[in-house]
Amino acid sequence: AGIAIRTIHRDEKTSTITIDGHARGMDRLQTLMTTLGARPAFRQPVLHQHQLVESPHADTGGERDAAGVEFSVTVQYHGILKKAGTHDVS
């Protein structure tokens, strides 16, 4: 899908999840942000950091590969919505 997740960190005190990773391009990163915002378990995705990066082959004089984007996104996590009448017994 063009996204590689490097780390996922959940902060239970603030109910947030921070996702660090690499996207093949800004369009893929935008798709991730839109998808997170559309899911019931997540709210308010925020792009905290992004940096365009070049392919390792870009400085060898060879053909330039498409740049990627290193990113860090934080999103409010509200858990998975349960059907009415079910209870968590854990």
Side-chain angles (χ1 to χ4, degrees):
I3 298 283
I5 303 296
R6 198 172 15 256
T7 61
I8 298 174
H9 174 74
R10 182 175 176 199
D11 185 335
E12 292 183 32
K13 291 180 184 178
T14 62
S15 298
T16 59
I17 294 177
T18 300
I19 303 168
D20 297 318
H22 178 88
R24 285 191 185 167
M26 289 299 293
D27 60 330
R28 305 292 172 102
L29 181 54
Q30 180 61 43
T31 299
L32 173 65
M33 299 290 291
T34 302
T35 301
L36 287 171
R39 300 285 189 236
F42 302 110
R43 299 277 190 280
Q44 300 174 333
V46 175
L47 179 61
H48 285 284
Q49 180 271 334
H50 75 283
Q51 179 178 352
L52 296 176
V53 292
E54 293 182 2
S55 164
H57 305 292
D59 60 352
T60 62
E63 188 174 320
R64 205 170 179 183
D65 289 341
V69 183
E70 299 290 332
F71 66 86
S72 180
V73 172
T74 299
V75 65
Q76 293 289 317
Y77 178 67
H78 295 280
I80 298 171
L81 298 177
K82 297 179 182 174
K83 292 181 182 178
T86 62
H87 301 283
D88 186 3
V89 293
S90 55

Does E70 have any side chain to side chain donor-acceptor pair (under 3.5 Å) partners at least two apart in sequence or in another chain, and if so, which?
-> R6, H22
dist D20:CG -> H48:NE2 (nearest 0.5 Å) comes out at 10.0 Å
For T34, the side chain to side chain contact (heavy atoms under 4.5 Å, CB included) test, sequence neighbours excluded, returns Q30
What about V46 and I8, same hydrophobic cluster or not, with Ile/Leu/Val/Met/Phe/Trp/Tyr joined at side-chain heavy-atom distances under 4.5 Å?
-> no
Identified side-chain contact (heavy atoms from CB on, under 4.5 Å) counterpart of I19 within the set L36, T7, I3 | L36
Check side chain to side chain contact (heavy atoms under 4.5 Å, CB included) between Q49 and all other residues, then give those that pass, not counting sequence neighbours.
-> Q51, S72
Verify the cluster assignment for M26 and I5: are they in a single hydrophobic cluster under the rule of side-chain heavy atoms below 4.5 Å apart?
-> yes
Any salt bridge (charged side-chain N to carboxylate O under 4.0 Å, His left out) involving residues 29-38? Give me the pairs, sequence neighbours left out, ordered by first then second residue.
-> none
Set of residues satisfying ring-ring contact (aromatic ring centres under 6.0 Å, His included) with respect to F42, sequence neighbours excluded = Y77
Qualifying residues under side chain to side chain donor-acceptor pair (under 3.5 Å), relative to T18, sequence neighbours excluded | T74
Nearest heavy-atom neighbours spanning A23 and R28 = CB-CB, 4.2 Å
Go through the structure and list residues passing side chain to side chain contact (heavy atoms under 4.5 Å, CB included) with T31, not counting sequence neighbours.
-> T35
Closest non-hydrogen atom pair, Q76 against T16 | NE2-CG2, 3.1 Å
